[in-house]
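Proteins come first, then strands; the chains are lettered A, B, ... in the order of their sequence lines, and each starts at number 1.
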Amino acid sequence: MKTAASTILLTQAPEFQKALLNWFQARARDLPWRKTTDPYKIWLSEVILQQTRVDQATPYYLRMIERFPTVSELAAASLDDLLIVWEGLGYYSRARNLHKAAREIVERFQGHVPNNREDLLGLPGIGPYTASAILSIAFAQPYGVLDGNVIRVLSRLLEFPDDVRKSASRNYLQSVANDLVAVSAPGEFNESMMELGATICTPKNPQCEACPVHSFCEGTKNDPEAFPRTVKKLPIPHHDIAVGVLCNSQGELFAQRRPENGLLGGLWEFPGGKRESGESIEDACRRELKEELGIDVEVGELLTTIPQVYSHFKITLYAFRCDILSGSPESSRDLPIAWIAADRLEEYAFPKANRKLIEKLVELDQI
DNA sequence: AAACCGTGGTG
DNA sequence: TCACCAAGGTT
């Protein structure tokens with residue numbers, strides 16, 4: 001069931017596609033993944049670009065294709081090798097799924113990225129967007145992509161009235177994207193829709209006067225920022241996190257590896273945990289190190305505090321230098337642990353807040 | 001369906 | 001400062 005607005009747009013699809021593609025061919029940014037049609041590199045770029053800006057993604061993409069030029073080389077690497085390259089990019093499940101998928105592709109598809117939707121969707125980390133992006137860009141198949149850019153572009157073109165976060169809205173806009181994609185150049189069309197959203201049809205202050213398809217968008221050019229419509233999100237909770245910095249007689253720092261699933265999965269970190277209500281931050285530090293590692297510690301100097309925002313909560317990290325009073329640290333959850341020399345800390349993947357702590361320790365001449 | 005999952009840029 | 005959000009996927 002199409003709205004009147006989408007019917008009008010689809011009726012003009014050939015003209016719309018031509019205007020957009022002409023603009024794209026003249027104005028497209030020169031991005032590294034646009035220099036290849038290797039399905040592996042297209043896949044890699046799309047995974048890196050999930051919820052990630054081009055400027056942040058680019059150096060990671062270049063490092064990844066240099067370090068892992070083929071599916072086979074990615075599959076042969078260890079997860080820790082991959083996480084070292086991925087460190088700082090966030091959403092670490094992408095790295096874990098990429099790694100799993102590479103091994104599946106080697107085993108089941110002889111190292112070739114699948115060229116059909118069913119097989120692609122069966123691989124971890126590949127959802128509707130990424131499958132359509134790979135199929136259209138690497139294999140010239142006419143699937144429309146629906147990312148944040150396309151949602152914004154289409155919702156403005158159509159004056160789409162509903163909350164675009166609802167699944168019914170997504171389904172509808174996806175069907176419009178599929179109907180609108182240029183069959184003769186599906187990959188280029190999809191890239192041009194996203195390019196338009198990223199450079200012209202931006203969330204704030206869109207450049208409507210420079211838009212190649214503004215004549216198809218008569219209704220929203222006066223108030224484009226009213227779209228896409230969304231409900232307000234609730235403020236996210238805050239937690240205080242106590243962290244213990246343990247240093248042994250050889251100057252090595254104690255760290256442990258997080259479980260492979262969940263938040264920051266597979267990364268290394270300094271021990272500690274959440275302060276409970278009514279508890280002091282020093283008490284939290286003592287309690288967490290006792291619970292996690294079975295040691296009694298004296299909580300010493302507060303070395304630094306580090307704020308960090310995650311996707312659905314925020315923290316303030318309080319790092320204390322600690323001395324062991326009794327016991328020897330062993331993981332109560334059977335996680336890998338290590339005493340790491342200062343000059344080998346870069347061989348382990350740490351979350352951003354922990355990496356900031358390491359930099360602070362260097363600054364304070366503590367390591 | 002809605003919560004979970006990082007980090008950094010932007011206004 | 002702070003809300004928003006970026007080439008989304010999984011559970």
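Ring pair A/Phe254/A/Trp339: centre-to-centre distance below 6.0 Å. Separation of the A/Phe189 and A/Phe24 ring centroids does not fall under the 6.0 Å cut-off.
A/Tyr91 contributes a side-chain N or O that forms a donor-acceptor pair with the base of B/dG6 under 3.5 Å.
Taking only side-chain atoms of A/Tyr92, from C-beta outward, the nucleotide of B/dT7, C/dG9, C/dA7 with the closest atom is B/dT7. For A/Arg53, the side-chain atoms get nearest to C/dC5 when compared with the rest of B/dG11, C/dC5, C/dG8. Minimum atom distance to the side chain of A/Leu263 is reached by B/dG6, of the listed C/dA7, C/dG9, B/dG6.
The residue A/Asn190 sits apart from the nucleic acid: no heavy atom pair falls under 4.0 Å. Base engagement by A/Ser311 is indicated by at least one non-hydrogen atom pair under 4.0 Å involving a base atom. Counting non-hydrogen atoms under 4.0 angstrom, A/Arg152 reaches the backbone sugars and phosphates but no base. As judged by a 4.0 angstrom heavy-atom cut-off over every strand, A/Trp86 is placed among residues making no nucleic acid contact. Residue contacts shown for A/Leu31 include a base, since a base heavy atom lies under 4.0 Å away. Nucleic acid contact class of A/Ile48 (heavy atoms, under 4.0 Å, all strands): none. A/Val47 comes within 4.0 angstrom of no nucleic acid atom, judged by non-hydrogen atoms across all strands. Using a 4.0 Å heavy-atom cutoff across all strands shown, A/Arg165 reaches sugar-phosphate atoms only and no base atom. Contacts of A/Gly88 with the nucleic acid, taken as non-hydrogen atoms under 4.0 Å apart, involve only primed sugar atoms and P, OP1 or OP2. A/Thr130 comes within 4.0 angstrom of the backbone, heavy atoms only, and of no base. A/Pro128 comes within 4.0 angstrom of sugar-phosphate atoms only, judged by non-hydrogen atoms across all strands, and of no base.
Of all heavy-atom pairs between A/Ala75 and A/Arg103, the closest is O-NE, 2.8 Å. The shortest non-hydrogen separation linking A/Val297 to A/Cys322 is CB-CB, 4.2 Å.
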